[in-house]
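Each residue takes its place number in the sequence, starting with 1. Only heavy atoms go into these numbers, but all of them, side chains included; no hydrogens, no water, no symmetry mates.
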Amino acid sequence: MSAGSMTPRRVLIDTDPGVDDALALLLAFASPELHVEAITTVAGNVGLEPATRNALLTLDVARVQNPPTVVRGAYKPLEREAVDAAHVHGEDGLGGMASAYGEPSRGAAPGAAVDCILETIARHPGEVTVIALGPLTNLAQALLADPKAMALAERIVVMGGALDVPGNAGPHAEFNFFVDPEAARIVLRSGLPVTLVGLDVTRLAVLNQQELVERVRASDKPAAPFAEQITRHYFEVRHRLVGRAECFLHDPLAVAVALDPSFVRCEPYFLDVETRGSLTTGMVVADRRDGAPRPAQGEGVEVAVGLERERFLDFFLERLVG
């Protein structure tokens, strides 16, 4: 579906907010081309409770009319203990700014994320795109519980993995796949239509702090100050690390690709995920040797390998801050 299509695409967002997850949610709600059916939360960037609070808080900031249900999911990976990225996102997941916005105006709905995912897809067979922005624990549990129901999803857009670039949670692993490699393996090997938006393209989707600050100053959009405030800690971490005040728009890019796939160029691969390596846990592996099987039309995972960077950044900033 192109950005100009008339009928909104139904999406379910599975997320672990997280600074860039919150930005991704803001982008989704600023995009009339998408209709968010539900939000499910998972432990990742922060624990399950702060992640759920941050999702609810972002709904308030976005002033969403008729907000979607928010349902808690997995508090830990399938087979491992939880790890987080509080050093990047702040202890509260929003760069230390969550307390400034108080408690969310609503709470999470009762029930489990797995049931919410399966019921949402079954209610709209062939119409729901699942956008997975965190570790894939909830999606893997849904696949294990009812693979036939999950097969009714239109597509799964996954922010995760690193095919030809270094990792950000180890030499080879992207954070979401590092946290729960067993879940990532289940999803990538499921045979479902999956688009992988990983570090190969998200490392190119770089937001400059000065540009954001200048755009926010001139903006009258209600979510603009929130976007600037929650990114400050992230910008500081990157400046200390590499000398540049920058923020990678990992999760917003996945939302943009769900809306308009032409933001990226994809190539199909059969993929697996390393789960036992001492140095490579969470690494995405594609067998590209001469003679190795190649996906036929409609097979394999569509891996984003190229990005229309300027078009995406313009789109993101225009939607969020104008």
_Pairs touching residues 189-223 that satisfy ring pair (Phe, Tyr, Trp, His ring centres under 6.0 Å), sequence neighbours left out_ =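 Of all non-adjacent pairs touching residues 189-223, none passes ring pair (Phe, Tyr, Trp, His ring centres under 6.0 Å).
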
_F263 ring center near F315 ring center (under 6.0 Å)_ =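 Between F315 and F263, which both carry aromatic rings, the centre distance is below 6.0 Å.
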
Main-chain N/O of [Y] paired to [X] side chain as donor or acceptor, under 3.5 Å:
| X | Y | result |
| --- | --- | --- |
| K221 | V216 | no |
| T41 | T52 | no |
| D16 | A43 | no |
| D20 | D251 | yes |

_Least distance between heavy atoms, L271 atom then R189 atom_ =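 Nearest heavy atoms, L271 then R189: O-CG, 3.9 Å.
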
_Partner residues of F226 under the ring pair (Phe, Tyr, Trp, His ring centres under 6.0 Å) criterion, sequence neighbours left out_ =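 Ring pair (Phe, Tyr, Trp, His ring centres under 6.0 Å) check on F226 returns Y101.
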
*Check the surroundings of atom CD in E49: do more than 12 heavy atoms from other residues, nucleotides or ligands lie under 6.0 Å from it?*
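Yes.
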
*Can you tell me how far CD of E182 sits from OG1 of T281, rounded to the nearest 0.5 angstrom?*
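If I round to the nearest 0.5 Å, the distance is 8.0 Å.
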
*Rounded to the nearest 0.5 Å, what's the gap from CG on D21 to CD1 on I131? Could you check?*
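Rounded to the nearest 0.5 Å, the CG-CD1 separation comes to 12.0 Å.
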
_Let me check something: do V71 and L139 share a hydrophobic cluster, defined by ILVMFWY side-chain heavy atoms less than 4.5 Å apart, either directly or through other members?_
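Per the 4.5 Å side-chain linkage, V71 and L139 are not co-clustered.
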
*Give the cluster check for I13 versus V64: same hydrophobic cluster or not, with ILVMFWY residues linked at side-chain heavy-atom distances below 4.5 Å.*
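Yes, same cluster.
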
*Would you please test R53 and E103 for salt bridge (charged side-chain N to carboxylate O under 4.0 Å, His left out) and show each step?*
CA-CA 8 Å; R53 176 206 62 211; E103 289 300 311; over 6 Å; no

*For F316, the option from L26, V255, L27 that meets side-chain contact (heavy atoms from CB on, under 4.5 Å)*: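 Of L26, V255, L27, side-chain contact (heavy atoms from CB on, under 4.5 Å) with F316 is met by L27 alone.
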
For residues 193-201, tabulate all N or O donor-acceptor pairs below 3.5 Å that involve a side-chain atom, not counting sequence neighbours.
{"unit_1": "T195", "atom_1": "OG1", "unit_2": "R155", "atom_2": "NH1", "d": "2.8"}
{"unit_1": "D200", "atom_1": "OD1", "unit_2": "L163", "atom_2": "N", "d": "2.8"}
{"unit_1": "D200", "atom_1": "OD2", "unit_2": "D164", "atom_2": "N", "d": "2.8"}

